[in-house]
**Student:** 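This is the structure, below, for whatever I ask next.
What's counted below: heavy atoms across the whole structure, side chains too, no hydrogens, waters or symmetry copies. Residue indices begin at 1 and follow the sequence shown.
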Amino acid sequence: MVRYGLLRLLIFFGFLFLFWLIGIRNNPVLLIGAAALASAAASYVLLRGMRDEITANLVERHDARVQAKQEAAASGPEPSSDEAAEDAEVDGAEHDVEQADHGDTRER
């Protein structure tokens, strides 16, 4: 993307220098305006392949992010290690309560 921007600037300054050589140097507004219009048209034609490549890369990155978000949402949030430890502790306590309710005979 930086390369594309630099090429756009080089084309602009190239047209600026060309129009200055032609003799539009007396009117700076016309000089800059003509250089901007000519460089925009030239960049549209000359840099089309690079622009399409950049667009394809951006679309690919966007699709990958959307897919990753969908996969994360489908799998649900994974508990942290603290949450997992608390869940194990609660499950162990519930298991002990169930054994006491059913009258575990092994302790006798």
Side-chain angles (χ1 to χ4, degrees):
M1 234 161 131
V2 172
R3 185 174 63 165
Y4 178 79
L6 288 175
L7 287 173
R8 290 279 312 253
L9 284 173
L10 285 174
I11 291 171
F12 171 76
F13 285 116
F15 276 107
L16 190 70
F17 182 67
L18 176 71
F19 291 149
W20 184 80
L21 285 176
I22 291 174
I24 307 179
R25 64 188 93 152
N26 296 334
N27 189 348
V29 174
L30 180 61
L31 176 66
I32 292 173
L37 288 174
S39 68
S43 296
Y44 182 75
V45 173
L46 296 174
L47 301 178
R48 181 180 191 139
M50 189 180 298
R51 191 173 53 250
D52 291 343
E53 182 181 325
I54 291 170
T55 303
N57 288 340
L58 289 173
V59 168
E60 187 177 306
R61 282 182 22 197
H62 173 72
D63 290 343
R65 285 182 183 168
V66 168
Q67 184 178 1
K69 283 184 181 179
Q70 288 174 348
E71 289 174 359
S75 67
E78 295 183 18
S80 67
S81 61
D82 289 341
E83 291 174 344
E86 288 175 4
D87 290 343
E89 187 177 323
V90 168
D91 289 343
E94 288 176 358
H95 181 56
D96 291 342
V97 170
E98 286 177 9
Q99 286 181 351
D101 288 345
H102 295 299
D104 191 10
T105 57
R106 287 180 282 169
E107 293 180 12
R108 292 184 185 168

**Student:** Let me check something: any side-chain donor-acceptor pairs from residues 25-53 under 3.5 Å, sequence neighbours excluded? List them with distances.
**Tutor:**
residue : atom : partner : partner atom : Å
Arg25   : NE   : Trp20   : O            : 3.1
Arg25   : NH2  : Trp20   : O            : 3.3
Asn27   : OD1  : Val29   : N            : 3.4
Ser39   : OG   : Ala35   : O            : 2.9
Ser39   : OG   : Ala36   : O            : 3.1
Ser43   : OG   : Arg8    : NE           : 3.2
Ser43   : OG   : Ser39   : O            : 2.8
Arg51   : NH2  : Tyr44   : O            : 3.1

**Student:** Step through the shown structure and confirm whether more than 12 heavy atoms of other residues, nucleotides or ligands are within 6.0 Å of CZ on Phe17.
**Tutor:** no
**Student:** With clusters built from Ile, Leu, Val, Met, Phe, Trp and Tyr whose side-chain heavy atoms come within less than 4.5 Å, directly or transitively, what are the remaining members of the cluster of Val59, listed by chain and number?
**Tutor:** none
**Student:** Residues sharing Leu6's hydrophobic cluster, by side-chain heavy-atom contacts under 4.5 Å among ILVMFWY, directly or via others?
**Tutor:**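 In the cluster with Leu6 are Val2.
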**Student:** If I take atom CD1 from residue Ile24 and atom CG from residue Leu18, how far apart are they, to the nearest 0.5 angstrom?
**Tutor:** 8.5 Å
**Student:** With a 4.5 Å cut-off on side-chain heavy atoms, are Leu58 and His62 touching?
**Tutor:**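 The answer is no, as the side chains (C-beta and beyond) never meet within the 4.5 Å cut-off.
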